[in-house]
Undergrad: 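Submitted below is the structure of interest, expressed as structure tokens.
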Amino acid sequence: MDRQSTPPSQSSSALQTIAVVGLGTMGTGIAEVLTRAGHEVIGIDISDAAGRAAVAALEASTARAVSRERLTEQERADVLARFRTFGDLQAAAHADLVIEVVPEDYELKRQVFAALDAIVRPDTILATGTNALSVTRLAAESLRPERVLGLHFFNPAPAMKLVEVASSVLTAPPVVEAVTALARGLGKEPVSVGDRPGFVADGLLFGYLNQAAAMYESKYASREDIDAAMRLGCGLPMGPLALLDLIGIDTARTVLEAMYAASGDRLHAPAPVLGHLTEAGLTGRKAGRGFYSYEASGSATVVRDAQTPLDDARLGEGRPVSSVGVAGSGTMASGIAQVFAQAGFDVVLAARSQEKADAAKAAIGKSLDRMVTRGRMTAEVREGTLARITPADSLEAFAEVDLAVEAVAEDLAVKQQLFASLDKICKPGAVLATTTSSLPVIACARATSRPQDVIGMHFFNPAPAMKLVEVVRTVLTADDVHATVREVCARIRKHAVDCGDRAGFIVNALLFPYLNNAIKMVEEHYATLDDIDAAMKLGGGYPMGPFELLDVVGLDVSLAIEKVLHKEFRDPGLAPSPLLEHLVAAGCLGRKTGRGFREYARK
């Protein structure tokens, strides 16, 4: 049968010959994935140099695969034979599928699609690799709108598992099914999404990146501290500013402009610093400089510049600390007490009753037992650590401690009352710290007669495992108190990041708007819980999807933090999702109640 008369087939097996238009980094990566999966691939780029570079990249990657015994020499030869490059769109004439990955410029993409309309067969599927521009608009201007859709791979395409399959209202369902099956055949995890800028993964990711850029621009925290906070506090593979440099600051600005035009949400309005850096040509790694400076254009090696902190920079002399008081009996309080005791500090653990204090010390003993069982601690060290912890039934036991750390309920009135008590009990010169994650530190400080001695030390749960501590100075915190806490963090082997006294500090101020936006996607029936969680784990490298994380944190805790952020910043985009409020009102608080966004087996 003549190929031109072949009836349209929607099975992925029919998509054997695939053209990739645009042989930049993404196009080259997609071509490699396709050829290694057995497809005939036609690479098209107006630049001969780009075509040669794509071939060279495939030769190099397949040679590495042979050296690692993942391919034989014959298989490598077959892969290379399946990839041909051309400089003209006419080469796509007999393709079953065309994937366009030219630069993110609507007029350029429209011209490519218009040219392809006149070249390819009527049954050919046309896919755009955009993550920011309208798939629907491109489809509507095509002669075959029902056969146009979005196919968004993530960079680097050979390694990243996620593929977003974006259909418009015009896309025929069999076309979506065929491309989805193709993605699965490539060993990818496809998620189905509708047509809106950023789709799922970038729709959530770029809002977060934008807020991080704005946080840096406002000089709230240094670039190093913002990045370290999100890596260590959330387990992310990269900090947001380093990731912006990797993506390309100009690319991020383009995506955000498209998102803002579609949503009108101020959280998507590009931070001015993104425009300034773009206009200066400081677009990230590819330019050798963005938020950070790099060894050379395209290098991943960061080099020192004027903003790099000095390795031996001193904050001045701190106050001596040998004994620590920890107020509270919950998981956070016992975890913090364990951290200090393991580091050699004498610890007083005070609760509302001797029974609660003893139970908190017993919980620490069980935690240390697990460390011994896993070979992370000797029995002798365990006994010494536990011996340094003295349980007490009253804050009066804090009379001689050098540092008092409160880890009680996240209730401002409760904390203020506790600080008023500490003010009367603790010796002059003692540092008073709050572990609040959302309340104003200054409000705790003002409950004392010595606000200069008060500071925030926001540990992350579980405190023994999590390396981050956000050190929160108020406008009244003394320099030597700040220096003391930084020194203490080093002694307990925690990474301290500095930030000012405002809602959410670094981590929660960036994390919870992202979580809130994920909930809004579900509210709007844009994507499912499972697809959103998969998209962020596979496309963003997140250790947990947003709904997994919300259920772990607790929906009531999440709602409280979101309310604090909304109240402080007065941004409509930060208003808590009604769905979150409804679930909390219904008592569906996450894993701790057996039901949140998902249901859990009760223990």
Undergrad: Could you go step by step and tell me if Thr528 and Val522 meet the side-chain contact (heavy atoms from CB on, under 4.5 Å) rule?
TA: CA-CA 6 Å; Thr528 66; Val522 170; over 6 Å; no
Undergrad: List the atom of Thr28, the atom of Ala57, and the distance in Å for their closest heavy-atom pair.
TA: CG2-CB, 3.8 Å
Undergrad: Please determine, by modelled atom types, if Tyr216 and Asp225 share a side-chain donor-acceptor pair under 3.5 angstrom.
TA: no
Undergrad: Hey, could you give me the CZ/CD1 distance between Arg253 and Ile247, rounded to the nearest 0.5 Å?
TA: 16.0 Å
Undergrad: Between Phe86 and Ala91, what is the shortest heavy-atom contact and its length?
TA: CG-CB, 3.4 Å
Undergrad: Around atom CG of Leu108, are there more than 12 heavy atoms from other residues, nucleotides or ligands closer than 6.0 Å?
TA: yes
Undergrad: Start with the C-alpha distance between Leu574 and Asn516, add both sets of side-chain angles, then the distance that settles side-chain contact (heavy atoms from CB on, under 4.5 Å), and finish with yes or no.
TA: CA-CA 8 Å; Leu574 296 175; Asn516 199 37; 5.7 Å; no
Undergrad: Please check if atom CZ in Arg223 has more than 12 non-hydrogen atoms from other residues, nucleotides or ligands closer than 6.0 Å.
TA: yes
Undergrad: Establish, yes or no, whether a centroid distance under 6.0 Å links the rings of Tyr514 and Tyr542.
TA: yes
Undergrad: Looking only at atom types and distance, does a side-chain atom of Arg76 sit under 3.5 Å from a main-chain N or O of Glu59, one as donor and one as acceptor?
TA: yes
Undergrad: Using the side-chain hydrogen bond (donor to acceptor under 3.5 Å, both in side chains) rule, pick out the option among Lys520, Glu523, His582 that qualifies with Ser577.
TA: Glu523
Undergrad: Pairing donors with acceptors under 3.5 angstrom, does anything connect the side chains of Glu40 and Thr17?
TA: no
Undergrad: Of Val33, Leu34, Ile44, which meets side-chain contact (heavy atoms from CB on, under 4.5 Å) against Val20?
TA: Leu34
Undergrad: Do other residues, nucleotides or ligands put more than 12 heavy atoms under 6.0 Å from Lys563 NZ?
TA: no
Undergrad: For Glu107, does the CD atom sit with more than 12 other heavy atoms under 6.0 Å from it, leaving out its own atoms?
TA: yes
Undergrad: Which heavy atom in Leu267 sits nearest to a heavy atom in Asp265, and how many Å separate them?
TA: N-OD1, 2.9 Å
Undergrad: Would you kindly say whether Asp245 and Tyr294 are connected by a side-chain donor-acceptor distance under 3.5 Å?
TA: yes
Undergrad: Evaluate side-chain contact (heavy atoms from CB on, under 4.5 Å) for Arg144 paired with Asp117, printing each intermediate quantity in order.
TA: CA-CA 8 Å; Arg144 62 191 79 211; Asp117 271 335; 3.1 Å; yes
Undergrad: Using modelled atom types and a 3.5 Å cut-off, is there a donor and acceptor pairing between side-chain atoms of Glu524 and backbone atoms of Met521?
TA: no
Undergrad: Between CD of Gln111 and CG of Leu116, what distance do you get to the nearest 0.5 Å?
TA: 12.0 Å
Undergrad: Check Arg598 with Asp530, please: is the shortest side-chain N to carboxylate O separation under 4.0 Å?
TA: yes
Undergrad: If you compare all heavy atoms of Ala527 against all heavy atoms of Ile532, which two are closest, and at what distance to 0.1 Å?
TA: CB-CG1, 3.8 Å
Undergrad: For Ala157, is there any backbone N or O sitting under 3.5 Å from a side-chain donor or acceptor partner on Lys188?
TA: yes
Undergrad: Do the side-chain N and O atoms of Asp195 and Ser168 include a donor-acceptor pair separated by under 3.5 angstrom?
TA: no
Undergrad: Measure from the side-chain N and O atoms of Asn210 to the backbone N and O of Ala269, and report whether any donor-acceptor pair falls under 3.5 Å.
TA: yes
Undergrad: Under the side-chain contact (heavy atoms from CB on, under 4.5 Å) rule, what do Val302 and Phe291 come out as? Steps first, then yes or no, please.
TA: CA-CA 10 Å; Val302 175; Phe291 286 99; over 6 Å; no
Undergrad: Check Ser297 against Lys286 and note the closest heavy-atom contact, atom names and distance.
TA: CB-O, 3.4 Å
Undergrad: Identify the two heavy atoms, one from Leu71 and one from Glu75, that lie closest to each other, and give their separation to 0.1 Å.
TA: CA-OE1, 3.4 Å
Undergrad: Knowing that exactly one of Lys109, His152, Glu100, Glu104 qualifies, which makes a side-chain hydrogen bond (donor to acceptor under 3.5 Å, both in side chains) with Thr130?
TA: Glu104
Undergrad: Under a 4.0 Å N-O cut-off, is there an ion pair linking Arg52 with Asp45?
TA: no
Undergrad: Does Arg595 make a cation-pi contact with Tyr600, if we ask for NZ or CZ under 6.0 Å from the ring centre and within 45° of the axis?
TA: no
Undergrad: Between Asp227 (side chain) and Ala242 (backbone), is there a donor-acceptor pair under 3.5 Å?
TA: yes
Undergrad: To the nearest 0.5 Å, tell me how far Leu15 CG sits from Leu182 CG.
TA: 5.5 Å
